[in-house]
Amino acid sequence: MAESEETLTYEDIQHISDFLLKTTKYRPKVAVICGSGLGGLADVVQEQDVIDYRDIPNFPQSTVQGHRGRLVFGHLAEKSVICMQGRFHQYEGYPLWKVAMPVRVFKMIGVETLFVTNAAGGLNRNYNIGDIMIVKDHISMPGMTTDNPLKGFYDERFGKPSSPVTELYDRGLRELARRVAGDLGLGEAVREGVLVQVGGPSFDTVSVFNMLRRLGADCVGMSSAPEVTVARHCGIRVLGLSLVTDMAPMESDLPPTNHQEILQTAKTRAVDVQNLVCEMISQLPNNNDSVQPS
Ligand SMILES: O=P(O)(O)O[C@H]1O[C@H](CO)[C@@H](O)[C@H]1O
Ligand SMILES: Nc1nc2[nH]cnc2c(=O)[nH]1
């Protein structure tokens with residue numbers, strides 16, 4: 001590894017990717033990052049090769065409840081996939097580049113499509129707990145204060161310096177998500193909106209929630225923007241799904257949420273998120289060419 005903790009070099013990432021390719025027979029083109037309480041998706045992967053994060057060179061460790069800390073390779077909807085059963089968050093003490101580093105590993109092993117899921121708080125007053133929001137764009141609060149996962153030693157083999165970010169969340173995949181959600185009968189519980197990422201780990205004040213709502217965000221969470229930024233930078237297309245596990249209070253006298261409650265709520269809707277992702281994967285073209293918007 002590079003002598004400092006600044007960033008991992010291209011060769012460091014190659015080392016991790018070589019390790020994985022030696023350890024598993026799978027060559028997935030699809031990756032899934034499982035959010036809090038949404039790791040059940042990895043459990044339904046067939047014929048699994050499981051690799052614990054602690055056994056992977058230079059890999060961070062999961063420290064948050066609801067994140068098991070392992071990579072699950074196998075088949076989902078008859079396609080090879082890799083699932084991150086446990087993501088990393090900045091509030092665990094990881095710099096953003098490290099939070100998103102696994103995405104560069106995905107790219108190196110051949111991933112072309114990434115599904116990013118998370119548990120999020122609803123800001124949009126029309127949303128309800130249990131809704132599933134297809135992410136159409138995000139606001140990164142860390143990004144607004146110059147904290148960006150792409151910052152650091154620059155190696156163009158990872159992607160161009162100023163990559164365009166006008167369509168972070170793939171239009172064709174979003175259309176597919178809406179169609180599949182309709183077919184699955186998820187109907188009105190499926191929304192499309194803007195996710196704002198804050199730092200955490202504490203939840204925000206009512207005044208911050210009100211501010212985020214005025215900024216145009218529909219859901220608030222503490223993850224996903226770094227992974228998505230890095231994925232687009234290296235040319236992976238992305239679908240983001242936020243499960244609304246709580247409604248951000250609008251008045252200070254309303255009870256705040258907590259991680260246990262979020263995990264509990266996630267459990268009640270995890271299967272729907274799972275079915276949506278699985279069905280979408282099954283409908284991806286076999287050669288995984290881009291999904292064209294109609
Ligand atoms: O984003 P994921 O990993 O789903 O986790 C969400 O749930 C936690 C809050 O309890 C926060 O970490 C928030 O970001
Ligand atoms: N910041 C934040 N993250 C969440 N993750 C799940 N719910 C919430 C929430 O209400 N606020």
Side-chain angles (χ1 to χ4, degrees), residues 31-42 53 60-70 83-94 96 98-100 102-103 114-125 127-133 135 138-142 144 149 191 193-213 215 217-229 238-252 254-270 273-274 277:
V32 184
I33 300 180
C34 301
S36 286
L38 298 170
L41 186 89
Y53 294 165
Q61 303 305 307
S62 280
T63 66
V64 179
Q65 201 191 344
H67 294 262
R68 284 187 70 172
R70 52 193 217 157
C83 289
M84 260 185 96
Q85 206 174 26
R87 70 140 55 76
F88 309 114
H89 307 81
Q90 192 174 28
Y91 65 74
E92 293 174 80
Y94 296 124
L96 288 183
K98 202 176 245 186
V99 166
V103 175
L114 174 65
F115 290 78
V116 176
T117 67
N118 58 59
L123 292 167
N124 186 317
R125 292 166 207 260
Y127 285 15
N128 299 301
I129 291 178
D131 284 354
I132 299 168
M133 184 181 84
V135 185
H138 71 225
I139 300 169
S140 162
M141 294 311 272
M144 309 285 288
R191 316 289 191 146
V194 176
L195 173 71
V196 60
Q197 185 194 336
V198 295
S202 49
F203 293 96
D204 301 288
T205 62
V206 168
S207 305
V208 170
F209 285 138
N210 285 329
M211 176 192 78
L212 297 174
R213 204 174 279 120
L215 286 180
D218 299 292
C219 276
V220 54
M222 305 175 197
S223 76
S224 301
E227 297 104 304
V228 173
T229 302
V238 177
L239 181 85
L241 294 174
S242 293
L243 174 63
V244 181
T245 50
D246 52 281
M247 288 302 292
M250 290 171 227
E251 309 288 344
S252 350
L254 290 173
T257 189
N258 59 61
H259 191 57
Q260 288 309 326
E261 198 175 88
I262 286 169
L263 291 178
Q264 274 307 110
T265 310
K267 226 191 228 173
T268 66
R269 293 288 280 172
V273 176
Q274 201 171 295
V277 173

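When reading the values below, keep in mind they use all heavy atoms of this one structure, side chains included, and skip hydrogens, waters and symmetry mates. Here, residue 1 is the first one in the sequence, and each next residue gets the next number. Start at 1 and go down the list; that is how both ligands and their atoms are numbered.
- Here is the list of ligand 1 atoms found below 4.0 Å of a heavy atom in Phe203: 9 (C), 10 (O).
- For atom 5 (O) of ligand 1, the closest non-hydrogen atom on the protein side is Ser36 OG, 2.7 Å.
- Listed by chain and number, Ala119, Ala120, Gly121, Val198, Phe203, Asp204, Val220, Gly221, Met222, Thr245, Asp246, Ile262 each place a non-hydrogen atom less than 4.0 angstrom from ligand 2.
- Considering backbone and side-chain atoms alike, Thr117 places every N or O at 3.5 Å or more from each N or O of ligand 1.
- Heavy atoms of Asn118 found under 4.0 angstrom from ligand 1 belong to the backbone as well as the side chain.
- Between Tyr53 and Phe88, the two ring planes are tilted [angle within 30° to 60°].
- Looking at His259, Glu261, His89 and measuring to atom 9 (C) of ligand 1, the nearest heavy atom belongs to His259.
- Listed for the Tyr94 side chain is no donor-acceptor partner under 3.5 Å among the backbone atoms of Ala100.
- Residue Ala119 places at least one N or O, backbone or side chain, under 3.5 Å from an N or O of ligand 1.
- Side-chain atoms of Thr117 come within 3.5 Å of backbone atoms of Gly35 as a donor-acceptor pair (strictly under, hydrogens ignored).
- In terms of protein heavy atoms, atom 12 (O) of ligand 1 is closest to Tyr91 OH, 2.6 Å.
- The main-chain N or O of Ala225 is found under 3.5 Å from a side-chain atom of Gln197 such that the two form a donor-acceptor pair.
- With a 4.0 Å cut-off on non-hydrogen atoms, Phe88 does not touch ligand 1 at all.
- Ligand 1 has an N or O atom lying under 3.5 Å from an N or O atom of Met222, backbone or side chain.
- Those atoms of ligand 1 that come under 4.0 Å of a heavy atom in Gly35, given as number and element, are 4 (O).
- Atoms of ligand 1 found under 4.0 Å from any heavy atom of Ile262, numbered from 1 in the order shown, are 9 (C), 10 (O).
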Check your understanding: Going through the distances and angles, do Ser224 and Arg87 end up as a side-chain hydrogen bond (donor to acceptor under 3.5 Å, both in side chains)?
Key -> CA-CA 9 Å; Ser224 301; Arg87 70 140 55 76; 3.2 Å; yes
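- For Ser223, a nitrogen or oxygen atom sits less than 3.5 Å from a nitrogen or oxygen atom of ligand 1, counting backbone and side chain alike.
- Listed by number with element, the atoms of ligand 1 under 4.0 Å from a non-hydrogen atom of His67 are 3 (O).
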